[in-house]
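Let me begin by presenting the structure, written as structure tokens, before commenting on it.
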Protein chains: 2
Amino acid sequence: MASSTDGHRGKRPTITDIATAAGVSRGTVSRVLNNERWVSESARDAVERAIAETGYRPSSTARSLRGRRSHRVAFLINEGVDRLFADPNFAVLLQGISDALRERGSSIVLLMAGNQAERDHAVEFVEDGAVDGLFVISWHQDPEVVARIERTGIPLVSAGEPPSAAEVSWVSADDKEGAALATRYLLSLGRRRIVTIAGPDRGPSGDQRLAGYTEALSGEVDPRWIEVGDYSQASGAEAMLALLDRVPDLDAVFAANDVMAAGAIEALRQAGRRVPEDVAVVGFDDSTAATSVVPAITTMRQHFDVICKTAVELLTERIDGSPPRHVVVPTELVIRESTSS
Amino acid sequence: MASSTDGHRGKRPTITDIATAAGVSRGTVSRVLNNERWVSESARDAVERAIAETGYRPSSTARSLRGRRSHRVAFLINEGVDRLFADPNFAVLLQGISDALRERGSSIVLLMAGNQAERDHAVEFVEDGAVDGLFVISWHQDPEVVARIERTGIPLVSAGEPPSAAEVSWVSADDKEGAALATRYLLSLGRRRIVTIAGPDRGPSGDQRLAGYTEALSGEVDPRWIEVGDYSQASGAEAMLALLDRVPDLDAVFAANDVMAAGAIEALRQAGRRVPEDVAVVGFDDSTAATSVVPAITTMRQHFDVICKTAVELLTERIDGSPPRHVVVPTELVIRESTSS
DNA sequence: ATCGAGCCTGGGATCGATCCCAGGCTTGCC
DNA sequence: GGCAAGCCTGGGATCGATCCCAGGCTCGAT
């Protein structure tokens, strides 16, 4: 009855308090808590009643100290939060990984590393053993931080192929094959002058998507058919205008993400080209941007649910001592109005 | 020299290892680590050398257990990550609070509470004593979770006035006075038919901003001058169209946030009204949306740096045992092109 | 009746830090 | 010389859980 005040004033109950209240030893309480064998019905009942009465919960800190596992995992964020949040894929990854981790009983610590002070703090945090492992999103990776973290020996898993040759596990969508599929699909529609709006030069997935596009066109691509964007809608529109200028008779565009595809559609409309009649457009990601535009964008879907589950599996493996490995998840063509009317 | 392999294979050094290496006792090492008095030069030197050689870092877990402080703070997120990230203020708050916390030596745990499974997990996490306190953003508050967390006795600070009469500390911009200032400024420009696009009914800051607007107009506002939006750009545009329809001769708009103001400007342009010549527009927040539009939007700046620092102070106080209190931070008028040419 | 195997329990040791007290050593002052 | 005060150090106790071993008990087989 005094529980509401107890919670505030008095101390939190410990395992010893429960043992006393239930008339058993700490060992027995621990066995009940962890669902181990060799506990009698009566002892289990008494312990469970004591737990219910006191509202006891084991201290996660004490557990971590004894068990050498913090049950915490960090999400390393390598740039200003504002820019990151603008990326629709980030929210999906964060949510998906959080869900998968919850089932495993771990929680997420946000580690910002957008400036030097943050980076130093992040590395110290990891060195202090505050987390069991961490996730990094490849397209924002900062090689310095990653190197410093690797040196601590704490496992790191990358979502997307890491730019460095680091010995880390990673999981990624099959960017190259996805881009090739998208391009081949445009070819199958009879389009022949297929230009592309590529991602920024350095990004690994950007390079892969460009490679897939080139491969599908048998490697013979006029460099004037390629324009580089930065994944933003404005850059997609700009790139489209440049391409229209250089290749007036183009009949299809493959954009390295949906947001740029949306920008391209906007530019095409302003230039008086109809989508899909005059120009077919394919994006990548199947993000919310793909369906919030008219016409809805045909795109390569990344199976983020699989990617997230895999990322968590890979990290769990490494925490348990397995060597790093990587997984490539196939993408899927989703046909919408921007390619077929 | 073997440090790279040591980090991986061998155990992490403990305070006892350092004590042995430096030829002193654990107590002395601890004193050096915590910069306490009564350590001789020579002892300090020896310890520091041993620390540098081994790369020793104290275990944060052991510290937490003994010190009864986790040095961790949670950020409670009461809805789908995707919707939250769309809010430009959220990124600013997260970044600002993270900066302020870093100086205090604490780190941020992300606690998603978008669905029931997440909510349960979040409450258990807090009950386990995994964090010293938490932040919640008022406009996304879920009373159930907040109540359950309050019951644990762990301090909670709200950014924005909480909807419930809960006994929590909070910090907020002065929404009411800010809105009144904005409206009075429009009056000072000679505008007389000033309509408003208000925030959603329930939100506390939305209500306050509407109240300030009404107050500045001496309380006599034709209900047809008020239209409610949901803080999105689309809703701003829609609301503007409705207002134009009902009040064709309006000459100014006060929108409860910048994003809706941007939507309003878009709608005004399409309706053939010039901004600011025909209609002056004022927003709220001074978010990135205010300057990424043409014309740039006159707005009420929220001093997020102050708000964030205050939020961290309030939480620190409560963790140290002080009673809850609240702070209201004044806003500032920022004049841009949407009201003066 | 004796023995062994399986069931159940208690409690000491442990994880890695901090707290704190006792005690040795200097120094200064009467 | 004696004594108090201040400086420095060591190490036992502690935080709250888990691990693990010893030991008691029950039951069935010989």
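Lettering of chains follows the sequences in order, A, B, ..., and the numbering in each one begins at 1. Keep in mind that the numbers below use all heavy atoms, side chains included, and drop hydrogens, waters and symmetry copies. Quick caveat, the model's predicted, so the values are computed rather than measured.
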Sugar-phosphate, base or nothing in reach of [X], heavy atoms under 4.0 Å:
X      : result
G67(B) : nothing
R44(B) : nothing
R26(B) : base

Check whether [X] reaches the backbone of [Y] with its side chain - one donor and one acceptor, N or O, closer than 3.5 Å.
X       : Y       : answer
N34(A)  : E36(A)  : no
T28(B)  : V24(B)  : no
S40(A)  : A43(A)  : yes
D128(B) : A130(B) : no
R318(B) : P155(B) : no
Q95(B)  : A91(B)  : no

### Task
Take the C1' atoms of the five end pairs on each side of the helix from dA1(C)-dT30(D) to dC30(C)-dG1(D), derive the two axes, and give their angle rounded to 10 degrees.
60°
## Note on the structure
DNA chain D nearest-nucleotide lookup for T28(B) and N34(A): closer to the 5′ end is T28(B)
### Message
Need to verify one output field. Residue with the more 5' nearest nucleotide on DNA chain D, R31(B) or R57(A)?
### Response
R31(B)
#### Entry: Partner of D132(A) under side chain to side chain donor-acceptor pair (under 3.5 Å), chosen from S64(A), S70(A), S106(A)
S70(A)
### Query
When the nearest nucleotide of DNA chain C is assigned to R63(B) and to S40(A) on a heavy-atom basis, which residue is associated with the more 5' position?
S40(A)
### Task
Within residues 13-21 of chain A, find the residues that approach DNA chain D with a heavy atom at under 4.0 Å, and present them sorted by residue number.
T14(A), I15(A)
#### Entry: Check against salt bridge (Lys or Arg N to Asp or Glu O under 4.0 Å), R49(A) and E53(A)
CA-CA 6 Å; R49(A) 207 171 314 121; E53(A) 272 169 22; 5.7 Å; no
### Task
Rounded to the nearest 0.5 Å, what's the gap from CZ on R12(A) to OG on S59(A)? Could you check?
6.0 Å
#### Entry: Validation row: F75(A), I137(A) side chains within 4.5 angstrom (heavy atoms)
yes
### Task
Please tell me if the side chains of E313(A) and V171(A) come closer than 4.5 Å, counting only heavy atoms from C-beta onward.
no
### Task
Please list, in 5' to 3' order, the outermost nucleotides of DNA chain C lying under 4.0 Å from any heavy atom of chain B.
dG16(C) to dC20(C)
